[in-house]
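Below: the structure, in structure tokens.
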Number of protein chains: 2
Amino acid sequence: MARGSFREQVLKVREDAIVAAVNRLLAEKGFDLMTVDEVAADVGIAKASLYKHFASKEALAAAAMVRVLRLTAEVIEAQPPSTPALDKLQAVTRWALQVQLAGEMPTLPSQNSSLRTELLGSKAYIDLLMQVSDQLGAWIEQAQTDGAIDPAIPSEVVLYTIFARACDPVPGFLKAGGRYDDKTIVDLVLATCFNGLQSRR
Amino acid sequence: MARGSFREQVLKVREDAIVAAVNRLLAEKGFDLMTVDEVAADVGIAKASLYKHFASKEALAAAAMVRVLRLTAEVIEAQPPSTPALDKLQAVTRWALQVQLAGEMPTLPSQNSSLRTELLGSKAYIDLLMQVSDQLGAWIEQAQTDGAIDPAIPSEVVLYTIFARACDPVPGFLKAGGRYDDKTIVDLVLATCFNGLQSRR
DNA sequence: GTCTATAAATCGATAGAC
DNA sequence: GTCTATCGATTTATAGAC
């Protein structure tokens, strides 16, 4: 049992390294431009070895998405219960923007059908996605009850709008411009998202 | 001259058909998943003939982007001068959301470097991009002077935020949900963008 | 300029030895 | 499980006849 467990741990460490590499490459180049050869080279193993761990390129991407959803769930759970719902939502959104700005947010093309199939077939992915959505959804409705978030906006729209910050191109544009540091960019985008472009009087 | 002009017109019609097909395919599948074979089949000509009109796949994409920028410039010019700047900005943003929702907004991966090179090397693209940016930028600063748009937000951030509505995934998600018609979706996303998620009191 | 046919390169995936 | 070597399919791009 001890040797089996050790072996499993070695395996897990290697698979973690693979998923981390996939995560980085997905964030850098996206799914279509990421090649399995690159992933193998990045991890330092042969491509055939990689396919002993993951059945396909789509499975690699799904594993990276599960990883980032797990991190998201952890950030959600780390929010103090006494905090107002709006603040929790902003904190999670801020975290997502920071991850994206750090070049560590994997991005998937929603058009790719083979990828969609793989994701929808992954129980770990679906379960985590529902868990995250449910928790954020509860906060959204609480914030709307509080009057902090506009009750006229369907909670579904609020959820999608927050989710979309993870692949918002605006932070990248502002970073490329070089006029603002990361914290300022996050503050600007977060404020634009929650306050809107129009003046508040 | 007349025959030459006629020939040129025939050529132009064919090239317009090519660019329209590219535009549709870019909107549907994105640059990486769009193949030149598909474009040729869609237009109804051989692939080799296509390459007589455009030098590369990147050149095809650039032509589609020039097309949509031209349309954008037309929409901008069609705004009545007496309209308040904020209303003009909202009208243009609304138009972009409608085009995207209709599946006619070409989308390019900002990560692809060969594509970036092609776009930056296209004078027509750069000129139109600057023209559109300058006109929108002037309206943004006017709206900030009016107090309609928050003067605390750098105009650059406002511009990027409006530009980003052209590739916002939220309209597509809402459409896939099937609970709202196109006009409602546009209204919701537009309101979220300009008013923000938080309540206005 | 349009076609058929094919070159040239890339990439996902696998065979088979160790 | 890891490796080397390679298959098979796809895709961009071009050659050459008409």
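A:Ala91 pairs by the side-chain contact (heavy atoms from CB on, under 4.5 Å) definition with A:Gln79, not counting sequence neighbours.
Distance CD (B:Glu15) to C1' (C:dG1): 12 Å, rounded to an integer number of Å. For A:Leu33 and C:dG12, the CG to P distance is 10 Å, given to the nearest whole Å. One can place CD1 of B:Ile45 at 15 Å from C1' of C:dT4, the figure rounded to the nearest angstrom. For the pair A:Leu50 CG and C:dA13 P, the interatomic distance rounds to 11 Å; values are reported in whole Å. Rounded to whole angstrom, the span from the NE2 atom of A:His53 across to the C1' atom of C:dT14 amounts to 16 Å. Here C:dG1 presents its C1' atom at 18 Å from CD of B:Gln9, a figure rounded to the nearest Å. In this structure, CZ of B:Phe54 is placed 18 Å from C1' of D:dT14, rounded to the nearest angstrom. One can place CD of B:Glu38 at 12 Å from P of D:dT10, the figure rounded to the nearest angstrom.
Atoms OG1 and CD, on A:Thr107 and B:Gln111 in that order, are 6.5 Å from each other to the nearest 0.5 Å.
A:Gln142 contributes no side-chain N or O that, together with a main-chain N or O of A:Ala85, makes up a donor-acceptor pair within less than 3.5 Å.
Residue-to-nucleotide proximity on DNA chain C shows that, of A:Ala55 and B:Arg14, the 5′-proximal contact is made by B:Arg14.
Nucleic acid contact class of A:Lys52 (heavy atoms, under 4.0 Å, all strands): base. In this structure, A:Thr35 reaches the sugar-phosphate backbone alone: every heavy-atom distance under 4.0 Å involves primed, P, OP1 or OP2 atoms, never a base.
Set against C:dT4, C:dA13, D:dA13, the side chain of B:Ser56 has D:dA13 as its closest nucleotide. Distances were taken from every side-chain heavy atom of A:Lys57 (C-beta onward) to each of C:dG12, D:dT12, C:dG1; the shortest belongs to C:dG12. In this structure, of D:dT12, C:dA13, C:dA15, it is C:dA15 that holds the atom nearest to the side chain of A:Ala48.
Non-hydrogen atoms lying under 4.0 Å from DNA chain C are contributed by nothing in residues 108-125 of chain B.
The closest side-chain heavy-atom distance from B:Ile45 to B:Ile18 is below 4.5 Å. The side-chain heavy atoms of A:Gln198 and B:Asn195, taken from C-beta on, include a pair separated by under 4.5 Å.
By the 6.0 Å and 45° rule, B:Lys57 stacks over the aromatic ring of B:Phe31.
Between B:Tyr51 and the phosphate of D:dT14, there is no side-chain N or O to OP1/OP2 separation shorter than 4.0 Å. OP1 or OP2 of C:dC3 has at least one side-chain nitrogen or oxygen of B:Ser49 nearer than 4.0 Å.
Heavy-atom contacts from other residues, nucleotides or ligands closer than 6.0 Å to CZ of A:Arg200 number more than 12.
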